[in-house]
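Structure, as structure tokens:
Labels below follow one simple rule: chain letters A, B, ... track the order of the sequence lines, proteins then strands, and each chain is numbered from 1.
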Amino acid sequence: MSNAELMKKVVSLCKRRGFVFQSSEIYGGLKSAYDYGPLGVELKRNLMSAWWREMVHGREDVVGLDASIVMHPRVWEASGHLAGFSDPLVDCKVCKERFRADKAPRVEKGAEVTLSFPDKGAAKVAEELVQKQFGVTLKRHDKDLQGAVAQRDYVCPNCGSPYLSDERQFNLMFKSSLGPTDPLGEVAAAIEGGALAGLEGRELRAKLEELTKPPAVYLRPETAQAMFVQFVNIQQSMSMKIPFGIAQMGKSFRNEITVEHFIFRSCEFEQMEMEFFCEPGTDDHWMDYWVAQRMNWWQKYANDKTKFRLRPHAPDELAHYAKGCFDIEYEYPWGYGELEGIANRTDYDLGKHAQYSGQKLDYFDPEAKKRFVPYVIEPAAGATRGVLVYLLDAYCEEELETPRGEKETRVVLKLHPELAPIKVGVFPLVKKDGMPEVARKVVAEFLAHGINAKYDEQHAIGKRYRRHDEIGTPWGLTIDHQSLEDGTLTIRDRDTMTQRRIPIDTVVAEIEGLLRAARK
RNA sequence: GCGGGAAUAGCUCAGUGGUAGAGCAUCAGCCUUCCAAGCUGAGGGCCGCGGGUUCGAUCCCCGUUUCCCGCUCCA
């Protein structure tokens with residue numbers, strides 16, 4: 001099975017069996033938005049619960065937070081999200097390069113410029129394109145084209161062409177407005193009053209920005225900022241001593257330039273983030289610690305642990321706030337891609353928020369009698385990416401021979417029992433002789449213990465086993481004729497398809513034991 | 001944003017300028033059975049959406065939306 005096939009099959013299974021649907025499908029779908037169906041929501045919740053148990057309940061030095069998605073707009077000014085991600089982007093119409101206008105090479109407006117290409121062939125193609133699209137004849141000299149006139153005060157950084165698209169604003173954050181007043185009203189009033197007359201380009205944009213600013217709010221592009229903003233409240237109310245962490249899971253929103261690969265990169269996604277506050281100087285130690293912790297955690301739930309790797313960021317790809325960063329990457333069908341980033345954010349965020357809010361965001365160590373702004377190590381994981389990773393990891397096709405000697409394919413999701421949406425399928429061997437009643441009782445018993453169990457009496461028993469294999473149910477329990485005589489049932493293992501017989505009244509304890517064992 | 005491909009039943013796909021098919025799945029019944037068994041029957045599609053050409057379009061043309069692949073981009 002090729003990588004492309006694997007991806008297709010997983011996507012198809014997701015829809016067919018109720019894991020993931022395209023959003024608003026009956027209206028033609030919405031780009032990059034997906035809904036988690038009955039099984040998908042269980043898988044995602046199981047994954048996130050496992051994370052929460054590991055990161056918060058499993059240790060004394062991390063506490064949780066569930067902050068509002070919409071925060072004070074100044075938060076995003078302080079964090080740099082507002083300024084850093086609204087730069088004008090331009091496409092070169094000749095070489096198709098996309099670039100930031102403010103970082104492009106400056107030229108004199110109206111000056112003659114030269115276009116350069118990697119080889120003669122590319123230059124010839126470009127020459128024809130310019131002739132055809134812009135009606136301009138350029139002089140070709142080997143790999144260069146001469147005679148173009150600069151329309152703006154910059155040219156394409158790649159080929160030097162002045163043939164460019166309009167400047168487009170790229171907004172990272174989803175913008176909305178808080179309160180019932182319509183910001184368009186302000187704009188309309190300004191136009192009527194003539195306040196916008198004579199303005200164009202960036203000036204016009206700036207003026208419009210200003211008019212619509214007062215009620216403007218943004219959907220958070222990461223969950224991290226609330227944990228910085230509430231640092232003091234949490235530290236004091238919970239009497240936390242450094243080092244300690246604040247963890248949060250939830251939705252974040254980004255206007256990605258390109259969305260791709262199913263749920264891998266979408267504009268609305270779910271994060272699992274933790275900010276670990278420590279004393280400057282101990283940050284490198286904690287960085288190493290969390291990198292190892294997080295890598296182990298991801299591998300624990302995977303069948304193929306070799307598909308994960310650690311990749312340190314090169315100095316030039318580090319974010320503006322980071323001193324160092326490691327990505328935990330997974331080998332997706334299209335290649336390695338990010339799953340979690342562990343960054344040393346230093347005291348950048350607390351410092352910025354202190355500066356913008358005018359509040360003190362530092363920590364006093366009563367033993368050492370010193371005051372400092374903590375450094376922060378941030379393991380930030382993609383929950384929705386995790387769902388994709390484990391689906392890809394779990395998908396298996398096995399060639400089997402039927403009792404009649406025919407070859408067939410068994411599709412199995414070898415999900416970790418902890419993650420499996422349904423823990424046990426409960427089946428009466430046949431739909432009569434009181435077997436359904438016994439099976440229903442077993443289901444009720446599991447549900448009462450908080451274990452997701454599913455009753456199924458449709459079709460032949462073999463078919464039911466296979467249907468549950470396909471959605472990753474780790475154990476199948478069957479009530480048969482013998483059950484009615486001696487009070488036992490069979491328990492079938494998803495991965496080995498082997499069965500053994502145990503007393504019905506111990507089956508809940510048995511499954512609980514298996515779940516506990518799998519968790520270790 | 002660019003280039004290429006795709007869109008037909010829940011899924012995988014076939015098909016033709018003359019009002020649509022298969023396999024699997026679903027549902028009902030028979031069979032009463034431990035690994036997708038068999039038999040009988042049923043439901044289900046304005047052939048992604050909008051426009052054009054045509055007597056007539058699922059098919060040809062244009063646009064659009066969504067998905068996939070490759071670039072590009074990417075905290």
Side-chain angles (χ1 to χ4, degrees), chain A residues 3-5 7-9 11-18 21-34 79-81 84-85 87 89-100 158 164-166 168 170 172 221-222 224 252 254-262 265 313 317-322 325 327 333-335 337-338 341 343 345 348 378 380 398 400-404 406 408-412 427-433 435 457-470 476-483 489-494 496-499 501:
Chain A
N3 283 333
E5 279 170 351
M7 192 65 186
K8 269 191 170 174
K9 283 176 170 173
V11 172
S12 165
L13 187 142
C14 277
K15 179 178 184 186
R16 185 159 37 88
R17 303 310 306 272
F21 306 117
Q22 165 108 75
S23 163
S24 319
E25 196 182 69
I26 63 169
Y27 286 102
L30 181 67
K31 197 185 191 115
S32 158
Y34 293 93
S79 70
H81 287 84
F85 295 92
D87 307 300
L89 291 180
V90 176
D91 292 308
C92 173
K93 292 190 170 175
V94 178
C95 72
K96 312 300 182 194
E97 176 84 358
R98 170 176 283 183
F99 58 93
R100 277 173 60 167
N158 186 45
L164 309 167
S165 72
D166 290 340
R168 270 183 296 258
F170 170 54
L172 168 88
E222 61 176 21
S252 293
R254 294 181 193 177
N255 274 315
E256 302 287 352
I257 292 180
T258 314
V259 294
E260 57 188 353
H261 304 311
F262 194 43
R265 173 171 287 131
H313 277 208
E317 73 177 308
L318 285 175
H320 60 274
Y321 52 72
C325 185
D327 278 351
W334 61 87
E338 191 189 358
R345 293 182 78 131
Y348 180 88
E378 174 196 78
E398 292 176 356
L400 295 180
E401 199 161 300
T402 67
R404 295 183 302 284
E406 293 157 6
E408 61 165 23
T409 305
R410 181 172 84 117
V411 175
V412 201
F427 320 120
L429 183 62
V430 292
K431 242 192 291 187
K432 62 171 197 179
D433 298 339
M435 291 181 205
E457 62 174 23
Q458 287 175 347
H459 303 292
I461 186 71
K463 198 175 261 192
R464 285 176 259 164
Y465 287 144
R466 298 302 174 80
R467 287 167 53 85
H468 276 275
D469 288 341
E470 207 183 10
L477 308 177
T478 302
I479 310 297
D480 60 8
H481 295 99
Q482 191 180 333
S483 307
L489 52 64
T490 61
I491 171 168
R492 175 215 186 240
D493 182 84
R494 174 195 69 198
T496 61
M497 295 193 286
T498 54
Q499 283 179 289
R501 190 169 277 279

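- Scored by the side-chain contact (heavy atoms from CB on, under 4.5 Å) test, A/Q482 finds A/D480, A/D486, A/T488, A/R501 as partners (sequence neighbours excluded).
- Applying the side chain to side chain donor-acceptor pair (under 3.5 Å) test to A/D433 and every residue at least two apart in sequence or in another chain returns nothing.
- Under the rule for a side chain to side chain donor-acceptor pair (under 3.5 Å), the partners of A/E470 that lie at least two apart in sequence or sit in another chain are A/R16, A/R17.
- By the side-chain contact (heavy atoms from CB on, under 4.5 Å) test, A/S32 pairs with A/V259, A/S266, A/C267, sequence neighbours left out.
- No N or O donor and acceptor, one from the side chain of A/R410 and one from the base of B/C35, sit under 3.5 Å apart.
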Give each protein N/O atom lying under 3.5 Å from an N/O atom of nucleotides 10-14 of chain B, with the pair distance.
| unit_1 | atom_1 | unit_2 | atom_2 | d |
| --- | --- | --- | --- | --- |
| B/C11 | OP1 | A/K15 | NZ | 2.3 |
| B/C11 | O3' | A/S12 | OG | 3.2 |

> When every nucleotide of nucleotides 42-50 of chain B is labelled 5' to 3' by its protein contacts under 4.0 Å (heavy atoms), B for base, S for sugar-phosphate only, - for none, what sequence of letters results?
Replying inline: ---------

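- Under the salt bridge (Lys or Arg N to Asp or Glu O under 4.0 Å) criterion, A/K463 pairs with no residue at all, not counting sequence neighbours.
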> In B/S/- notation, 5' to 3', how is nucleotides 24-33 of chain B contacted by protein heavy atoms closer than 4.0 Å?
Replying inline: -SSS----BS

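- Annotation: side-chain contact (heavy atoms from CB on, under 4.5 Å) contacts of A/K9 (sequence neighbours excluded): A/M1, A/Y395, A/E397.
- With RNA chain B read from its 5' end, the first of the two nearest nucleotides for A/V11 and A/M497 is the one closest to A/M497.
- Residues meeting the side-chain contact (heavy atoms from CB on, under 4.5 Å) test with A/R410, sequence neighbours left out: A/E398, A/L400, A/V412, A/R466, A/D469, A/R492, A/M497.
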>> Both atom distances under 3.5 Å, Watson-Crick or G-U wobble: I'd like the secondary structure of RNA chain B as a dot-bracket string, with | for pairs made across strands.
In response: (((((((..((((....[..)))).(((((.......))))).....(((((..]....))))))))))))....

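- Considering only residues two or more places apart in sequence or on other chains, A/F262 meets the ring pair (Phe, Tyr, Trp, His ring centres under 6.0 Å) condition with A/Y34.
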